[in-house]
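Residue numbers count from 1 along this sequence.
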Amino acid sequence: MREVSGLEVFFKPKSVAIVGASSDPKKPGNTALKNLVSMGYQGKIFPINPREDSILGFPCFKSLLDIPEAVEICVLLVSAELTMQVAGELVQRKSRFNDVLGAVCMSAGFAELNTLDARQREKQLVQTLRSASIRLIGPNCLGIMDTHSGFNTNFDIPAYPKGGVSILTQSGAFANSCLFWAEGLRLLGLSKYASIGNMADVGMAELLALLKDDETTRVIAIYLEGLPDPREFFRIAREVSAVKPIVVIKTGASDSGSNAALFHTSSVTGADAIYDGAFKQAGVLRARGVLEFFETLRAFAKQPVPRGNRVGVLTHMGGPGTICIDEISATRILQLAQFSPETLDALKSVCAPMANIGHPDGYVDLTAAHHEKLHNQVLGIMFRDENVDIVLQTLAPSAFIDQKLIVKEIADAYESQKEPKKTFLNAITFGRFAQNVREGLESASLPTFEYPDILARVAGNMSSYAEFRKAAGAELEEIKTAEREYRRYRSPSADLIASASRKGRVDLLESEAYEICGQYEIAVPPFQLADTPAGAITCAKEIGYPVALKVVSEEILPKTDVGGLMLGLRSDAAVEEACANLAGKVAKAIPNARPFKFLIRKMMPVSAELVLGAVRDKAFGPTVMFGLGGICQEALKLVGFRLLPLGIREAKRLIVQTLPDALIKVKGFRGKPAIDLDSIAKTLVSLGRLLEEQPQVEEVDLNPVLPYEDGCVAVDANITISKSR
């Protein structure tokens, strides 16, 4: 048996057996075999069908056990019930000949049905194959394509143009639609394709790791419904993104979408908001629609990753140009380039007097006075400007423009650049001549699009990835440092948590939560505890008015609403009255309540309200959350998540990507001082440390956190711990 590296055998097998091959052209067992041949596969092919002597000129075998030569991969195209029988034959064959390395099960009727029998059938299939160290892709999938080796199990798609896009998908139909869409104008070239269906054995993370070092893959496309181990996937995704871009479309964001995904591929979709944060953290570009997904892939496949985010826009149409400019602003990452004085002079020397040059910055509208050579001249000037990283062009070919000539002029301008070339994208709007121009530019590896807004959105995605990749090395090192610094020792926090746990409590008192926050350098208001109203007055004087007063009792949990909080107390009399008021509320809510304490804390100056938290999620593991708090929290839902471990750089990215620009700009919001990003980021990192170092902590909720110009303070703190075992 030849040596193979991991899962590579699925893409480059020397031999394949097709169980369920058929001479009937209407059956998948026939088209799959035809497509394998049409792709140019040079390995040995063994059709299996007990009722046939030959299929498409290949001798047919009655059983897997009858094949006299080595078999590396087996494709299963029979019913779910027969699949179980074939799995047994594969194990027998492996025992006799030690040859079978993998199986591609395209059959349906397994866990995607979400019935007990179907789930058990899938479990048994995996166990049977694993007993012989045979890896499985599927079931319920369309399998594998590799345009470079010629291997193809897809019964819908025959030979396909080679290129740099590799596709990993939980929906074979969706991935096929992408390839069909791109085929007419040769918009996309394919490297590898893996439809993995239920992921009963080989999963998304393993295949993603394989593509990291695949020389023929420039960009990775993923259609995702859910993951059994999202934490492992995102660990690998972060490493892969540091090398090459990953573009994902993730379904199951809504409750109804989650249910549909469950019945489609038996996935566990998880919390979409956490997925969203994890994508950003790992540098994975999440497309918000099918068109954006397809178009972003194509841009990465044919164009270099941009050096920065400064954009020059060339058009001869005011409307589409303005749409493109608006979308550039909406991306929150792109900015219009400031042309150098030399560029402005050069543009004015070749453009007509009515042309709009540099209004706004980075914008050139040639107006109707454009011609083929002028596009070449202007593009050349823009490409030479060191202040420009990306050039976007919107073009409407008309009867007055020679289509072949303008394609040549544009392509020549692009090729005239010094290496490394700048990113160049074109929107060719509708018209009788648009298709001819698109075909010409696509053949020159210049991606074209139909709409000026998608042009800017794709450029924004490319720039976002470029920004991630520049910082990826430093961020990975930060993560390693954070992991090294996590400590596992008996801290005062651990003792406090253990004490609460022994008493059967799962919610810490707020004073205990404050204490733990302090030990993790999370700022809280000055506070004290008192047993009596007189003691509360003394504490208030020491802290300094105004103060807030709260009841602290093991019988009154943070989530229990007894009205046990009084705010804005400014005198001894107010504190005394508040103590009496709270004592009455407790007596009414909890008759025969045990003795309780008063928590007195400093009232902090009002500012924007933030919410910070950490949770030990069942699917994702330790996770931190950040967002806009107060009355805006539920209404606007401006929250973001990150997986642990977390470094300062990524914590800052979380803040900037979650909050509106107006809250984080230098001059602040509505006259208030700018918030201190460093202190908030450090608090998020500290929350991560707390969760990592205290394994009994299940959830931390800091709400509100008040940001200031020189720090931030967690006004309320709630900590939930797991029950003592």
If you measure only the distance, is there a donor-acceptor pair under 3.5 Å linking the side chains of [X] and [Y]?
X    : Y    : result
E698 : T720 : no
N198 : N140 : yes
S501 : Q696 : yes

About how many Å separate [atom2] of [Y] and [atom1] of [X], when rounded to the nearest 0.5 Å?
X    : Y    : atom1 : atom2 : result
R238 : F468 : CZ    : CZ    : 6.5 Å
D716 : E510 : CG    : CD    : 5.0 Å
E122 : Q127 : CD    : CD    : 11.0 Å
L612 : M625 : CG    : CE    : 7.5 Å
R286 : D272 : CZ    : CG    : 4.0 Å
S571 : E576 : OG    : CD    : 9.5 Å

Let's go through F110 and E112 carefully: what are the C-alpha distance in whole Å and the side-chain angles of both, what is the deciding distance for side chain to side chain contact (heavy atoms under 4.5 Å, CB included) to 0.1 Å, and is it a yes or a no? CA-CA 6 Å; F110 292 88; E112 78 279 358; 3.6 Å; yes
Could you pull out the closest heavy-atom pair between [X] and [Y], with the gap in Å?
X    : Y    : answer
D617 : A619 : OD2-N, 2.9 Å
A471 : R649 : CB-NH1, 4.5 Å
S463 : N309 : OG-CB, 3.1 Å
L334 : A456 : CD1-O, 3.5 Å
S464 : L285 : CB-CD2, 4.1 Å
A530 : A536 : CB-N, 3.4 Å

Verdict with reasoning, V713 to Y708, per side chain to side chain contact (heavy atoms under 4.5 Å, CB included): CA-CA 8 Å; V713 176; Y708 301 110; 4.0 Å; yes
Determine whether a donor-acceptor pair (N or O, by modelled atom type, separation under 3.5 Å) exists between the side chain of [X] and the backbone of [Y].
X    : Y    : value
K652 : L677 : no
K250 : E225 : yes
S241 : A282 : yes
S499 : L496 : no
T623 : G621 : yes
S686 : I522 : no
Q528 : A540 : no
Q519 : S493 : yes
K723 : G504 : no

Report the residue from I543, L549, V715, V547 that forms a side chain to side chain contact (heavy atoms under 4.5 Å, CB included) with R601.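 Of I543, L549, V715, V547, side chain to side chain contact (heavy atoms under 4.5 Å, CB included) with R601 is met by V715 alone.
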L211: which of I246, L168, V240 passes side chain to side chain contact (heavy atoms under 4.5 Å, CB included):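 Among I246, L168, V240, the one that satisfies the side chain to side chain contact (heavy atoms under 4.5 Å, CB included) with L211 is L168.
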Going through the distances and angles, do F279 and F234 end up as a ring pair (Phe, Tyr, Trp, His ring centres under 6.0 Å)? CA-CA 7 Å; F279 286 135; F234 284 110; 5.3 Å; yes
Given side chains that start at C-beta, do those of [X] and [Y] come closer than 4.5 Å, heavy atoms only?
X    : Y    : answer
V575 : C539 : no
V202 : L207 : yes
L643 : R231 : yes
F233 : I222 : yes
T169 : I196 : no
K244 : K212 : no
E709 : I675 : no
I497 : V697 : yes

Atom [atom1] of [X]: over 12 foreign heavy atoms under 6.0 Å:
X    : atom1 : result
E577 : CD    : no
Q657 : CD    : yes
R332 : CZ    : yes

Would you please indicate if the ring centroids of F626 and F641 are separated by under 6.0 Å?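 Between F626 and F641, the centre distance exceeds or equals 6.0 Å.
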Would you call [X] and [Y] a salt bridge, using N to O less than 4.0 angstrom?
X    : Y    : value
D276 : K280 : yes
E512 : R505 : yes
R616 : E699 : no
K682 : E521 : no
E693 : R689 : yes

Mind running side chain to side chain contact (heavy atoms under 4.5 Å, CB included) on E609 and L628 for me, showing each step along the way? CA-CA 6 Å; E609 292 188 14; L628 195 59; over 6 Å; no
Listed partners of E232 passing side-chain contact (heavy atoms from CB on, under 4.5 Å), at least two apart: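 If we apply the side-chain contact (heavy atoms from CB on, under 4.5 Å) test to E232, skipping adjacent residues, the hits are A205, D229, R235, I236.
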Once the angle between the rings of Y514 and F527 is folded into 0 to 90°, is it parallel (under 30°), tilted (30 to 60°) or perpendicular (over 60°)?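 Ring orientation of Y514 relative to F527: tilted.
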What orientation do F174 and F293 show, parallel under 30°, tilted 30 to 60°, or perpendicular over 60°?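 Ring orientation, 0 to 90° scale: tilted.
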Salt bridge (charged side-chain N to carboxylate O under 4.0 Å, His left out) involving R119 - partner list, sequence neighbours excluded: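 Salt bridge (charged side-chain N to carboxylate O under 4.0 Å, His left out) check on R119 returns nothing, list empty.
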Would L659 and L610 satisfy side chain to side chain contact (heavy atoms under 4.5 Å, CB included), going step by step from the backbone distance to the final call? CA-CA 10 Å; L659 291 183; L610 306 176; 4.1 Å; yes
Test: salt bridge (charged side-chain N to carboxylate O under 4.0 Å, His left out). Region: residues 524-542. Which pairs qualify, not counting sequence neighbours?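 The answer is D531-K597, K541-D572.
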